Amino acid sequence: MYVDVVFPLKIPPLTYRIPADMPRDLKGRIVKAPLMGRSSYGLIVDVFNKADGPFKKGMKEIQSVHQQCASGTDLQFLKWLSHYYTTPMGIALKSCFFEEIVAALKKYEIAALNPVRYSDVPDSRIAGRPPDDYPGEAAGEKGLSHVCGSIRDRDYRTFLLHAPTAPLEHSLLLEILGNTGAAARGIIILVPEIRQIESLELPLGRMFEQRLCVLHSKLGKGKRTEAVRRLITGESDVVLGTRSAVLAPLRGVSFIAVLGEHSPSYKGEEGLRYNARDVAVMKGFIEKGCVLLSSVCPSTESVYNATISKYTQIAGNRIMPSRTPGPEASHMTGHGRPKIRIINQQGGKHKDLFITEELLKEAKKILSKNEGLLFLINRKGYSLIRCEDCGHIAQCKKCMMSLVFHKGEGRARCHYCGYEEGITDICGECKGTRIKAFGAGTERIKEEVEEMLKTEPLLIEKIKGSPKISSELSPDLSPLIIGTAYAARRIRGGEFSAAAFLNIDVLLAQPDFRAYERAFQEIMHISQMVRPGGTVFLQTRNPGDRVLRLIRNYDFEGFYNYELSQRKALDFPPFSRLILVNIFAKKLAAGLLSEIQTAVAESREEGAEVLGPVEIPSASKSHKYCIQVLIKSKNSKAANATVKGISNKLEKTGGLKVHVDVDPLKI
DNA sequence: AGCACGCCGACT
DNA sequence: GTCGGCGTGCTC
């Protein structure tokens, strides 16, 4: 007998011989096997007879066979993960906490793992009381009972909930768990960021007690091993965590909730670049568990999946595009949402100011009442650096990104690669001497606020160094807070009376087909920090912008209709699949580009479109050059095969490093 | 991941 | 002349 063993390493499965007197159920067992003159733990993923051969002579033998740790569906899931994200199975195994499993088994000498799966438990033991319908905003719709029924019946389904507000998103989840949690076995609850674990940990702890286990990437090695130990022994079967928790080694899954499903945090930027939301949907499918995706501003992809009935939409806002959209139906006011007001940034009395007269007036009103106000600007530092003579904007010598002027230090910095230089008053392009600050970052806004509003505002990133303050960051600290939308996510507690995006156009003009969607999500997120009846201001030079108007009206239906029509016209996701291939090189040799072009041409499958290759800046120290190829296809098999072909061909060529990013969020 | 092999800079 | 830097490659 022969077995294929996967090690948690970047290597393909290796084949070993196995003694004749071994147990029959070898698949999914942990084994100790010789590897590179030492012994390592791996997982049996396949079993072969002699007839399946021919096998290489002199193959090594398995040293010992241990516990069963992966079920048939676990192996199916592992293979899917490896195939879909074009990664060696070993990397997928490693991401699925295999090393922690081995460590837990070693440390606690868990003798025999009970192989019974939760799905094998008789129905009578997992029956719960019938749930009440969701009593919230959308009373009358049978959303909640549908989810609860689906969990109990192990009737696989993916639900999409468009929650009116984040607190309602939480309370709906808690209600579902309250109804079914006691009976359901194997539950995963995903939140986009670690800080969101805290607010759910208390009520979930009360509900599940020792069944609950928290899992996120900031957990130390010991705590991670302990969490995994609890899961594989069955002590815990409810996981609350971030992205990686979707890969937690649960013995069967009956329910997965993905809160803030639109969040880019679910997509990994390094290592195995999986999207936890998509993985959750596949895991639910494989495990016959129920999946709930929820968000106050769902991704266009998920909304599309609901319109084609791949997902089931439940109570909440109406977002499914309908044939006769009436204005009343689309205006989702109420729900305790703040007003959204568009401010025209064009013209006006003081053109050179970044805060319009209109906004200044509103700000004075709010500050006079001693209420909280939040200013958002999408750049750190003071400004860009521009030559008045030729219009040239100073750029980083390494990566072509704009340099940012930091007034306090009197230096220019590249926020992408960290390059820094002193400021000069001579233009690098035309030798002109009229060098001026251009545009505004947080520092410049602070200066303007001090002058125009005679207030000392709080700059969020300035206090980054002192974690004590940042964890308590709230509007109570200062009536006026300035920061980037990203930094503003660290603000908690209290509510603002108003928030203002000082330059929403920067967000809308991102060279990415998801720019509008991201802007909408950002605005929705910030609007959650403003009290009901308060206002979110959007300063823009395009007050007539169609999408801004849809956003202002909270017209989700109109927004998704527009977004989907745009994406369909351009064949972007969800109407196609994208795979980004980054080829890193040490030197930009003359033959390299043509070599890549040949590899691309030879690998291109029917139905796969190839964009590029183009050179993009590289952040890597050892590989200073990066060539990017974007694969776009309606046929995911063709896209996958094309990428596999390209990376196989190029990886054989020395000196190249190939990174594959399936379903990239940023392009 | 480890561990070996291998090819260029600062030391006895 | 050698010691050692870590970049590259292999593991049944």
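These numbers come from the heavy atoms of this one structure, side chains and all, not from hydrogens, waters or symmetry mates. Please read these numbers as outputs of a predicted model, since none were measured by experiment. Just so we're on the same page: letters track the sequence lines, and every chain starts at 1.
- Which of B:dA1, C:dC12, C:dT11 sits closest to the side chain of A:Thr15 comes down to C:dC12.
- Counting heavy-atom neighbours within 6.0 Å of A:Glu61 CD, excluding the residue itself, gives a total above 12.
- The nearest whole Å value for the distance from the NZ atom in A:Lys10 to the C1' atom in B:dA1 is 12 Å.
- Atom CG of A:Leu9 is separated from atom P of B:dA1 by 8 Å (rounded to the nearest Å).
- Separating the CZ atom of A:Phe584 from the P atom of C:dT8 is a distance of 13 Å, rounded to the nearest angstrom.
- Here the side chain of A:Lys60 is nearest to one of B:dA1, C:dC12, C:dT11, namely C:dC12.
- Applying the ring-ring contact (aromatic ring centres under 6.0 Å, His included) test to residues at least two apart or on different chains, none of the pairs has a partner in residues 229-276 of chain A.
- Within the nucleic acid shown, A:Pro8 has no heavy atom closer than 4.0 Å to any nucleic acid atom.
- We find that CD1 of A:Ile44 is positioned 14 Å from C1' of C:dC12, with the value rounded to whole Å.
- Distances from the side chain of A:Lys94 to the nucleotides B:dG2, C:dC12, B:dA1 place B:dA1 closest.
- In the set B:dA1, C:dC12, B:dC3, B:dC3 carries the atom at the smallest distance from any side-chain atom of A:Arg38.
- Rounded to an integer number of Å, the gap from CE of A:Met59 to P of C:dT11 is 13 Å.
- For A:Lys79 and A:Tyr84, the positive end is not near the middle of the six-membered ring at less than 6.0 Å and at most 45° from its axis.
- Stacking of A:Lys288 on the aromatic ring of A:Phe285 is recorded, both the 6.0 Å distance cut-off and the 45° axial limit being met.
- Remark: P of C:dC12 and CD1 of A:Ile62 are 11 Å apart, rounded to the nearest angstrom.
- Proximity of A:Arg17 to the phosphate of C:dC12: no side-chain N or O atom is located under 4.0 Å from OP1 or OP2.
- Side chain to side chain, A:Ser39 and A:Tyr41 fail the donor-acceptor criterion of an N or O pair below 3.5 Å.
- The nearest whole Å value for the distance from the CE atom in A:Met36 to the P atom in B:dC5 is 10 Å.
- Rounding to whole angstrom units, CG of residue A:Leu14 and P of B:dA1 are separated by 16 Å.
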